[in-house]
2 protein chains.
Amino acid sequence: MSLRYALLGLLAEEPASGYDLTRKFERALQRYAWHAQHSQIYPELNRLAADGLAMVVAEGARGRRTYAITDKGRTELRSWMLNPPDVFVVRHEFVLRLFLLSTLDPDDARAVLRPVVEDSARELATLRESIDTADTTTPPGALPAFGRLVAEYGLRSFQTMHDWALWALDQIDQADTTAPEINHSE
Amino acid sequence: MSLRYALLGLLAEEPASGYDLTRKFERALQRYAWHAQHSQIYPELNRLAADGLAMVVAEGARGRRTYAITDKGRTELRSWMLNPPDVFVVRHEFVLRLFLLSTLDPDDARAVLRPVVEDSARELATLRESIDTADTTTPPGALPAFGRLVAEYGLRSFQTMHDWALWALDQIDQADTTAPEINHSE
DNA sequence: TCAGGCATGTAACTCGTTACATGATTGC
DNA sequence: GCAATCATGTAACGAGTTACATGCCTGA
């Protein structure tokens, strides 16, 4: 049911069409939080409308339909936000690979980790730049957009991953040079 | 296909039954990396065996079947580990809620964030304790188990989340006391 | 005019969840 | 004997992916 609330949440920020929402997923949500394609989004929008949680507020060129959240939708969304489950659904292929690093020999493990260092550094730089731009263009004293909170979370997460990957490479090197002959049994 | 590799990876560490694997998911993978129930694990084990990537190596009481990874399975797993996709699948309901914090008013946002501070502190303490125990029981000079790498990643991730949530609460307070009258329009 | 992007949809398939179902073993 | 746990399975359903399908607008 998370897709339903992801859509309601995006609609709560501003009205949007299925096409808009698809692009929002690609740009922001997909990398950190949730993934969905247009083939899933359009039917769900129709269901949201059928359930009275969203409604079509404009029809434009090329069959474009702009949806907005309804009061009922807002109530439903708020209730979902304030009642988190005890255990969250997590599916993270990257972290899965970290878990399975133990199945590789040191050289292979290093080969997996090195791109992690570079990728996280690149993500970090991109995010920091867009945060700096946003911070300087925001009038002083204004409410910081909540998007700023998420960006900060992303920034810290990439920093953590970067630092960790460097540390992990170091750990592997140490183990490898200290006692390389213990390996290669079996 | 990630489930397939998660299972292969766990079998690469040691032979296990479907029942064992189900518990491993519950204990470790589920919270951080991937989730699966027994109803998905048993059929997939049968498929792994049919494809020659795993095989039954022992049959025990109560119909228990212990599977082990085959050489073909190891080759397949290694190839998967060394060829990561450009973009990872991420489904993280917790982070989704962070994104949608912007749809809540400051009081509601605080109500969402406060438990995050507490939960992450608790997870942090538990993880640190089990890491300390593992570190002191590991004979000095031995190869650090790769599980130690993941534990460290978990530790740092929870620390990051904890620090971020405190920072976010502070940001909300500041915005709320600086310019509370800007809100409540519309 | 025509390429590229806007815009929506659906069918077939696979993945994942929930619920139902069954029985064996162990320890008290 | 019986409760708890071990142990595996499947059917029905819902969620998510891939591929196919269609047509409209805008700008060069």
Side-chain angles (χ1 to χ4, degrees), chain A residues 1-8 10-11 15-27 29-31 33-51 54-67 80 85-93 96, chain B residues 1-8 10-11 15-27 29-31 33-51 54-67 80 85-93 96:
Chain A
M1 288 269 70
S2 289
L3 172 62
R4 157 157 287 203
Y5 295 101
L7 291 174
L8 275 182
L10 292 175
L11 290 178
S17 68
Y19 191 82
D20 297 336
L21 293 165
T22 304
R23 280 181 325 183
K24 277 175 200 252
F25 265 91
E26 280 165 9
R27 284 204 224 117
L29 287 181
Q30 185 178 49
R31 302 176 67 84
W34 209 263
H35 183 240
Q37 281 116 316
H38 80 271
S39 60
Q40 219 186 335
I41 290 172
Y42 286 109
E44 187 63 38
L45 275 176
N46 286 328
R47 279 190 288 268
L48 285 173
D51 295 347
M55 60 186 296
V56 175
V57 289
E59 308 216 11
R62 296 171 236 184
R64 177 191 173 93
R65 258 166 293 142
T66 304
Y67 289 83
W80 182 78
D86 290 337
V87 53
F88 287 103
V89 171
V90 177
R91 279 210 162 82
H92 204 312
E93 206 191 297
L96 176 59
Chain B
M1 287 269 69
S2 289
L3 173 63
R4 158 157 287 204
Y5 295 100
L7 292 174
L8 274 182
L10 292 175
L11 290 178
S17 69
Y19 190 83
D20 297 335
L21 293 165
T22 303
R23 279 181 324 181
K24 278 176 201 249
F25 265 91
E26 281 166 9
R27 284 203 225 118
L29 287 180
Q30 185 177 49
R31 301 176 68 83
W34 210 261
H35 182 240
Q37 281 118 315
H38 80 271
S39 60
Q40 220 186 335
I41 290 171
Y42 285 109
E44 187 62 37
L45 275 176
N46 286 328
R47 279 190 288 269
L48 284 174
D51 294 347
M55 61 186 296
V56 176
V57 289
E59 308 216 11
R62 296 171 237 184
R64 177 191 173 91
R65 257 166 295 142
T66 304
Y67 289 83
W80 182 79
D86 289 339
V87 52
F88 287 103
V89 172
V90 176
R91 278 212 162 81
H92 204 313
E93 206 189 298
L96 176 59

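Residue numbers begin at 1 in each chain, while the letters A, B, ... track the order of the sequences.
- Comparing D:dA11, D:dG16, D:dT17 against the side chain of B:Ser39 picks out D:dA11 as the nearest.
- A:Arg4 comes within contact range of no nucleotide atom at all, as no heavy-atom separation falls under 4.0 Å.
- Note: CZ (B:Phe88) to P (D:dT17) measures 16 Å, nearest angstrom.
- Straight-line distance from the CD1 atom of B:Ile41 to the C1' atom of D:dA7: 13 Å, rounded to whole Å.
- Under 4.0 Å is where a charged nitrogen must lie from a carboxylate oxygen, and between A:Glu26 and A:Arg23 no such pair does.
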Working for side-chain contact (heavy atoms from CB on, under 4.5 Å), residues B:Thr66 and B:Asp20:
CA-CA 9 Å; B:Thr66 304; B:Asp20 297 335; 5.6 Å; no
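- Counting only distance, with no hydrogens or angles, the side chain of B:Arg91 and the backbone of A:His35 share a donor-acceptor pair below 3.5 Å.
- The interatomic distance linking B:Arg23 (CZ) with D:dA4 (P) rounds to 18 Å, in whole Å.
- For the pair A:Leu3 CG and D:dA15 C1', the interatomic distance rounds to 9 Å; values are reported in whole Å.
- In this entry the distance linking CD of A:Glu44 with P of D:dT17 reads 14 Å, nearest Å.
- Nucleic acid contact class of A:Arg47 (heavy atoms, under 4.0 Å, all strands): none.
- Taking the 5' to 3' direction, DNA chain C first and last meets chain B under 4.0 angstrom from a heavy atom at C:dC15 to C:dT26.
- Counting non-hydrogen atoms under 4.0 angstrom, A:His38 reaches a base of the nucleic acid.
- Here the closest non-hydrogen pair linking B:Val90 and A:Gln30 is CB-O, 4.1 Å.
- Residues from residues 57-64 of chain B lying near DNA chain C, meaning a heavy-atom separation below 4.0 Å, are B:Ala61, B:Arg62 in numerical order.
- Counting to the nearest Å, the C1' atom of D:dT18 and the OH atom of A:Tyr42 are 17 Å from each other.
- The minimum heavy-atom distance between B:Pro15 and B:Val57, with the atom names listed, is CB-CG2, 4.5 Å.
- Annotation for B:Tyr42 and B:Tyr19: closest pair OH-N, 3.2 Å, computed over non-hydrogen atoms.
- Contact check, A:Gln37 against D:dG16: no side-chain N or O comes under 4.0 Å of OP1 or OP2.
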Using the side chain to side chain donor-acceptor pair (under 3.5 Å) rule, take B:Asn46 and B:Tyr67 through it: C-alpha gap first, then chi angles, then the decisive distance, then the call.
CA-CA 10 Å; B:Asn46 286 328; B:Tyr67 289 83; 3.3 Å; yes
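- Between the CD atom of B:Gln40 and the P atom of D:dA11 there is a distance of 16 Å, rounded to whole Å.
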Report the C-alpha separation of B:Leu48 and B:Arg4 in whole Å, then their side-chain angles, then the decisive distance to 0.1 Å, and conclude whether the side-chain contact (heavy atoms from CB on, under 4.5 Å) test is met.
CA-CA 8 Å; B:Leu48 284 174; B:Arg4 158 157 287 204; 3.5 Å; yes
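- Considering all non-hydrogen atoms of both residues, A:His38 and A:Pro43 come closest at O-CD, 4.1 Å.
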